[in-house]
Structure formats: C-alpha cells, structure tokens
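Start at 1 and go down the list; that is how both ligands and their atoms are numbered. Quick caveat, the model's predicted, so the values are computed rather than measured.
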Amino acid sequence: MTTTLQDCRALDAQDPLRALRELFLLPEGTIYLDGNSLGVMPRSAPARVADVVTREWGVDLIQSWNKNGWFTMPGRVGDKIARLIGAAPGTVVATDSTSINLFKVLSAAINLSTADHPQRKRIVSERSNFPTDLYIAEALCKERGFELVLVEPDEIAAALTPEVAVLMLTHVNYRTGAMHDMPAVTAAAHAAGALMLWDLAHSAGAVPVDLTGAGADYAVGCGYKYLNGGPGAPAFVWVNPRHTDRFWQPLAGWWGHATPFAFTPDYQPAPGITRYQCGTQPMISLAALDCGVDTVLAAEALGGMAALRRKSLALTDLFISLVDERCQGHGIGLATPLDHAQRGSQVCLTKDDGAYAIVQALIARGVVGDYRAGDAGQHKDILRFGFTPLYIGFEDVWNAADHLRQVLETGEWRRAEFNTKHAVT
Ligand SMILES: *Cc1c(COP(=O)(O)O)cnc(C)c1O
C-alpha cells in the first residue's frame, strides 16, 4: 500500500509528541535531518545564554560560582542526562568533550583491568567506529603497551579472547545507523572477562538506553547531537558505581579533587563521578546544554524515551518505504538495518556515485542531511539522514523523500556547483 502526503498529514495530526516541535526555533523553509550531527537550537537557549552572560557573569561575577550554582552545574546537568540513559543520580557528569571523556574512561578501564588481570592487554573495537574513538584508543594503547584490535560487527564475539581487557563500542554506528544489542553485547564481554565501554553519541536522547540494566562498566556521550546542547556542547561521562571509587582517571585536575578549595599540593580524588571532572567548566555552554537536555526531558510527560522511540521508528520506517516506492531506478541502496531492534534514529542510503552531490543538491532545496565518505573496501559512500522525533514530523519525511526523488529524476545533482567539496562534509 503506498503512502500519500495526506496520510503523512494525518499521522502528524495524531502525533502525541507534535507539540514538542514548539520547543525549537526551526529555520523557515528547512527540513532539518542532521540533528545527529548538530541538534536544533531550543527556543529557550538564547534568553538563557543571554542571562548567564549579562546577569550571572556581568553582574554577579565571581559570586556566581555559589550564587548561581556554577560549581555544581556539571553534576546537575549530568543528573538530567542520567534519566535518559538508565543511570542513577550522581553517576553522570556533563563535562569536556566526548574524545576527552573517552580518554579518561578508557584509561580507568585499563587500570581496573590490569589490577585484576595483568595478562589482558588488548582493546577491541569496530573498524567502522567513529574515528576519534579509534584514535584515542590507538594513542592510549601505544602509551600503555596495549594492542588495539579492530573487527567487523559480526566478528566481535570471536574477538573476545582471554587477552581482551576492554570492549569499546559505539552503540549506534554513525555511518550506518546500525544499533548493537546493549544487554547482549555487554553480557558477552563480561562472560569473556572484559570490561564494556559504550559510546552513546548517537544514542542519548535518540533511543532508550539502560546502562544500569545492561550492567555496563563505562559510558561517554555527546551533548550537541540528539541532546540539542549547541555547537561544541560539553559531553558526558558515566561510570558504573561499582567501579567509580576504585581508580581515578589520569586527567586529575582540581575539579576532580575531593577538596578543591583546600588547595593542597597532592591529589585526592573526590568520591564518586566528580573525580571524572578535570578543570574549570564552560558555564555558557553548560547553560545551553541544560536547555537542550530539557527539550528531551519535556517528552517525559508524554511517554518519555519509549514514546520518542516509537515515533523515531515510525519516521525512519516511513522514509525507508517512501524512498523505496518513489526513488527506484537510481541505484539507491539502504545501509541502515530494517530490523527495528538494530536501528538507531537515522537512515543511511548508499549510492556508488554522486552521493556527495545529491546531499548538496538536497541542502540547496532546504533538506539538510549529510554525506559520509566510503572507502575502497566494503563501505560505500553514504547519504545520512537523522530523524529527531522531537521536531521532525511525518510531512517533513514526505517532503524530504520527494525532494530526493526530484533531485534524482532531474539529475540536478550533476551540476558543477554541487560537486565541489567543502572542508566540513
Ligand atoms: C560525534 C561523535 C564524537 C565526537 O567527539 P568530539 O570529542 O565531540 O569531537 C565521538 N564519538 C562518536 C562515536 C561520535 O559519533
């Protein structure tokens, strides 16, 4: 049965999450399918940031650390994020970047594993993991005399040998949108005696996550994607409370100290997740992130992450079927799994030639997705479309697929202007 524009409008009319779109300032004439790279600005953010600048900084100045709660901000925003990822209060801090937090938790995981199992000197990850994760792991392995072993998703189980200290995976793959079974993979890592570290960059605020239920060991995630925290927003870090106080991480700055204002010359780590902080945090950015996290928490009254997930799957199902029905004959393939249990909140299409130019032609029409380059091997060029159920509707999906159809049918993507690469793709 084919879907019509009227069907999509009817779905929007029935959508219980429809009102959440009003929490965002969506640019006129844009269908924004890149919330997996940079989430849309919350309507509350400009006034909140202006208040932090003009009143908290401008007037209250140094007193703001106490008076306006600046000092406790990483933990307070962390507690809000915790509600979205199945973490207990007091186990998450919003701080630093994903790359830096990965360095901290991977270091702590190596220390923890080495204390109990000194013979384990391997970190396993996926070859198609986001490169910064692999670069951080590679650098740390060199420094600590470890080996980084990269495998394909179907080779993970076989790679969990007695040499493995840590299995480090990104829950939802940034290129394909494929999602791991977090409880099953965590259990497999533990059965093999390895620690489990999850990167939730494409999961937090996008799909339900239960770190506690899965019994994972460490997690990091991103603030500027589905949490809508703004460009370069602080990331977050979670450590299972059973490990937190056993080791500290090597970026032992004063914000992770037990008594930072005692100014002692020696380092005493704070109890709990506070020890995963390093130095002074960016308050303006944290305020914007707080606004972003609040947009996701606003769904709690409407069914929370389960309701967001239902809508996200309905949106991605619709996009997949519309592309299948209406864009045939142009060599478009699907990289994202059809199985709901294996799909994040994005749809990735493949095309042997012209993927970059098609994305550029779509952007010129106001349909903003992005392009991720393939490689000479098994990974094809990708046209990537993120579907944030907070602000994307079913009519948007119809229109996006229709623009794609027109770009393909007219061949307008072949125009020279769409075939020049920019620095940031
Ligand atoms: C987006 C993303 C990052 C980003 O890291 P930064 O330190 O914020 O640049 C890291 N890992 C994964 C898996 C991502 O998707």
Side-chain angles (χ1 to χ4, degrees), residues 33-40 74 77 81 85 93-107 109 123-140 148 150 153 156 166-180 182 185 196-207 209 211 216 218-238 249 251 276-279 281-282 285-286 288-289 292-293 335-336 343-348 369-373 379 382 384-388 423-425:
L33 304 180
D34 221 349
N36 51 326
S37 254
L38 177 63
V40 169
V77 179
I81 296 170
I85 56 174
V93 281
T95 185
D96 299 330
S97 67
T98 306
S99 304
I100 290 173
N101 288 333
L102 203 53
F103 178 81
K104 297 176 199 169
V105 290
L106 205 47
S107 302
I123 292 170
V124 172
S125 193
E126 238 178 274
R127 193 168 290 114
S128 66
N129 199 345
F130 191 80
T132 203
D133 298 45
L134 301 181
Y135 303 158
I136 294 281
E138 184 187 328
L140 203 49
L148 177 63
L150 300 181
I156 292 171
V166 187
L167 175 59
M168 175 190 87
L169 294 175
T170 297
H171 183 219
V172 175
N173 186 283
Y174 80 105
R175 291 186 85 259
T176 62
M179 181 168 75
H180 284 293
M182 183 180 284
V185 175
M196 185 71 230
L197 193 173
W198 289 105
D199 187 330
L200 304 178
H202 292 272
S203 308
V207 298
V209 173
L211 288 169
Y218 300 91
V220 298
C222 187
Y224 52 78
K225 294 174 179 163
Y226 292 95
L227 296 181
N228 310 310
F236 64 87
V237 52
W238 170 84
Q249 47 90 11
L251 298 180
Y276 279 80
Q277 297 180 171
C278 180
Q281 291 302 298
S285 295
L286 274 167
L289 173 62
V293 174
T336 302
R343 189 192 310 162
S345 200
Q346 70 193 52
V347 175
C348 301
D370 61 23
Y371 158 85
R372 288 293 176 261
H379 302 117
I382 296 249
R384 194 171 71 148
F385 304 97
F387 294 85
T388 305
V424 176
T425 60

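Residue contacts with ligand 1 for Ser99 involve both N, CA, C or O and side-chain atoms from C-beta outward (heavy atoms, distance under 4.0 Å). Here Leu102 has no heavy atoms under 4.0 Å from ligand 1, in either its backbone or its side chain.
Close approach of ligand 1 to Thr132 (heavy-atom distance below 4.0 Å) involves ligand atoms 5 (O), 10 (C), 11 (N). Against a heavy-atom cut-off of under 4.0 Å, Thr170 is close to the following atoms of ligand 1: 13 (C). Atoms of ligand 1 found under 4.0 Å from any heavy atom of Ala201 (numbered from 1 in listed order, with element): 2 (C), 12 (C), 13 (C), 14 (C), 15 (O). Every atom of ligand 1 is numbered from 1 in the order shown, and the set under 4.0 Å from a heavy atom of Asp133 is 10 (C), 11 (N), 12 (C), 13 (C). Taking every non-hydrogen atom of His202 and a distance limit under 4.0 Å, the qualifying atoms of ligand 1 come out as 15 (O). Residue Lys225 approaches ligand 1 through these ligand atoms, each under 4.0 Å from one of its heavy atoms: 1 (C), 2 (C), 3 (C), 14 (C), 15 (O). Atoms of ligand 1 lying under 4.0 Å from at least one heavy atom of Tyr224, given by number and element, are 1 (C), 4 (C), 5 (O), 6 (P), 8 (O), 9 (O). Listed by number with element, the atoms of ligand 1 under 4.0 Å from a non-hydrogen atom of Ser97 are 7 (O).
When the options Val77, Val220, Val93, Ile85 are evaluated for a side chain to side chain contact (heavy atoms under 4.5 Å, CB included) with Phe236, the one that passes is Ile85.
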- Task: Decide side chain to side chain contact (heavy atoms under 4.5 Å, CB included) for Leu102 and Leu197; before the verdict, give the C-alpha distance in whole Å, the side-chain angles of both, and the deciding distance to 0.1 Å.
- Result: CA-CA 9 Å; Leu102 203 53; Leu197 193 173; 3.8 Å; yes
- Message: Between Val237 and Gln277, is the side chain to side chain contact (heavy atoms under 4.5 Å, CB included) condition met? List the steps.
- Response: CA-CA 9 Å; Val237 52; Gln277 297 180 171; over 6 Å; no
- Decide yes or no on side chain to side chain contact (heavy atoms under 4.5 Å, CB included) for Thr132 and Thr98, but give the supporting numbers first. CA-CA 9 Å; Thr132 203; Thr98 306; 5.7 Å; no
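With Arg384 contributing its side chain and Tyr174 its backbone, the two residues share a donor-acceptor pair below 3.5 Å. Between the side chain of Lys104 and the backbone N or O of Gln249, no donor-acceptor pair lies under 3.5 Å.
For the 3.5 Å distance criterion, the side chains of Gln281 and Thr95 qualify, holding a donor opposite an acceptor. A donor and an acceptor atom, one from each side chain of Ser128 and Asn173, are located under 3.5 Å apart.
Regarding atom 5 (O) of ligand 1, its nearest protein heavy-atom neighbour is Thr98 CB, 3.5 Å.
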